[in-house]
There are 2 protein chains.
Amino acid sequence: MTRQRQIILEELQKDYSHPTASVVYLKVRRRLPHISLGTVYRNLEILSEQGLIKKLELSGTQKRFDGTLSEHYHVRCFKCGRISDVSMETLTALDEKLSEMCDYEIIGHRLEFIGLCPKCKKNKKHAHKTKTTTPISPGNIS
Amino acid sequence: MTRQRQIILEELQKDYSHPTASVVYLKVRRRLPHISLGTVYRNLEILSEQGLIKKLELSGTQKRFDGTLSEHYHVRCFKCGRISDVSMETLTALDEKLSEMCDYEIIGHRLEFIGLCPKCKKNKKHAHKTKTTTPISPGNIS
DNA sequence: CATAAAATGATAATAATAATCATTCTCAAG
DNA sequence: CTTGAGAATGATTATTATTATCATTTTATG
Ligand SMILES: [Mn+2]
Ligand SMILES: [Mn+2]
Ligand SMILES: [Zn+2]
Ligand SMILES: [Zn+2]
């Protein structure tokens, strides 16, 4: 566990926003100004292989990382790209159900909800009053 | 509806393998040898905006396209990357359930099963007999 | 200390997709 | 049938996220 890896892990564990690799890079750079982006990618990969973090393959172009290890689903705001945790029990029954219905050996599933986050809901209502906020393309929040 | 767009649509409608853009390109090129890859991307985008095909944002690095318009889920073989249709009713109740549990306005969800396809199941059993098949990286089947 | 293995930072490479642009096609109006 | 505007094409370049390479540095271990 190098200094770099330790700090990447720490920053991820106190960040509940499911940051992308480049966001992690920006945060880590505040403590290690000379760290390389490649080192961040490399260590995010290693940490997720070791089971210390989770690599999320959600929709959007960029992968996201999660310091919370418990199994849970996510919601994505289709307007701003925010990812939030969902407190819904894991639907293992789905896998069993499908196992009987198809010829694949089912080992799991990936479920992601899509919606409009509270902030974007509010902005939508006052859209005529407030000036159009720069639309953050989902998956490219920096 | 240009000749190119028509043929792209036709090829997709008779292909149940959820091909990637580059696979569509290869197939279409058999009928239009001078078509450009850019034209394929452009038309797949337009056709999906028009609701004539579906653009699938599944896991893996490449987008996939589906000529079947009815709502359905998919299974991905984690070994070979094959995508198959799943005949399970759409779980709209999940969205309503989550709507009451969180502060997002839920508009839908994305569900993808992961498993081992019949062919890979068979290969696994005879792994000691047959020589190791070139592992097709998921998302890069050409 | 020696020294082998692992990790780093800098940089280049890859791969999928999107953008650009001059040329060609389409098709309704005259 | 011409014609001219707008759409679409093929060729090419650009973008973006991620991975690979590699010389140098760090780390762990006897
Ligand atoms: Mn989470
Ligand atoms: Mn399908
Ligand atoms: Zn939002
Ligand atoms: Zn398979």
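Remember, it's a predicted structure, so these values are computed and weren't measured experimentally. Labels below follow one simple rule: chain letters A, B, ... track the order of the sequence lines, proteins then strands, and each chain is numbered from 1. FYI, side chains are in, hydrogens and waters are out, and symmetry mates aren't considered; it's all heavy atoms of this structure.
Nucleotide D:dA11 holds its P atom 11 Å from the CZ atom of B:Arg29, rounded to whole Å. Computed from coordinates, the B:Leu56 CG to C:dA16 P distance equals 17 Å when rounded to whole Å. Rounded to whole Å, atom P of C:dA16 lies 15 Å from atom CD of A:Glu57. Straight-line distance from the CD1 atom of B:Ile35 to the P atom of C:dT24: 18 Å, rounded to whole Å. Here C:dA18 presents its P atom at 10 Å from CD of B:Glu49, a figure rounded to the nearest Å. Whole-Å rounding puts the B:Arg3 CZ to D:dA8 C1' distance at 15 Å. Look at CD1 on B:Ile7: it is 11 Å from P on D:dG10, rounded to the nearest Å. Nucleotide C:dT20 holds its P atom 17 Å from the CG atom of B:Leu37, rounded to whole Å.
Nearest to the side-chain atoms of A:Ala21 among the listed nucleotides D:dT18, C:dT8, D:dG10 stands D:dT18.
Positionally, the nearest nucleotide of DNA chain C for A:Ser36 lies more toward the 5' end than for the other of B:Lys63 and A:Ser36.
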* List the steps and the verdict of salt bridge (charged side-chain N to carboxylate O under 4.0 Å, His left out) for A:Lys63 and A:Glu45. => CA-CA 11 Å; A:Lys63 295 203 179 84; A:Glu45 188 62 39; over 6 Å; no

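Near DNA chain D, defined here as any heavy-atom distance below 4.0 Å, the residues from residues 38-47 of chain B are B:Thr39, B:Arg42, B:Asn43, listed numerically.
The closest donor-acceptor contact from the side chain of B:Lys54 to the backbone of B:Arg64 lies at 3.5 Å or more, if one exists at all.
Side chains of A:Thr92 and A:Thr90: a donor-acceptor N/O pair is absent below 3.5 angstrom, by distance only.
Both tests do not hold together for A:Arg76 against A:Phe78: distance to the six-membered ring centre under 6.0 Å, angle to the ring axis within 45°.
Using a 4.0 Å cut-off, no side-chain N or O of B:Thr2 falls inside it from OP1 or OP2 of C:dC25. Listed pair A:Thr61 / C:dA16 fails the phosphate criterion, with no side-chain N or O lying under 4.0 Å from OP1 or OP2. An OP1 or OP2 oxygen of D:dG10 is reached within less than 4.0 angstrom by a side-chain nitrogen or oxygen of B:Gln4.
Qualifying salt bridge (Lys or Arg N to Asp or Glu O under 4.0 Å) partners for A:Asp15, counting only residues two or more places apart in sequence or in other chains: A:Lys27.
Taking the side chain as every heavy atom from C-beta outward, B:Leu52 and B:Met1 approach each other to under 4.5 Å. Residues B:His72 and B:Val86 fail the side-chain proximity criterion, which asks for heavy atoms closer than 4.5 Å.
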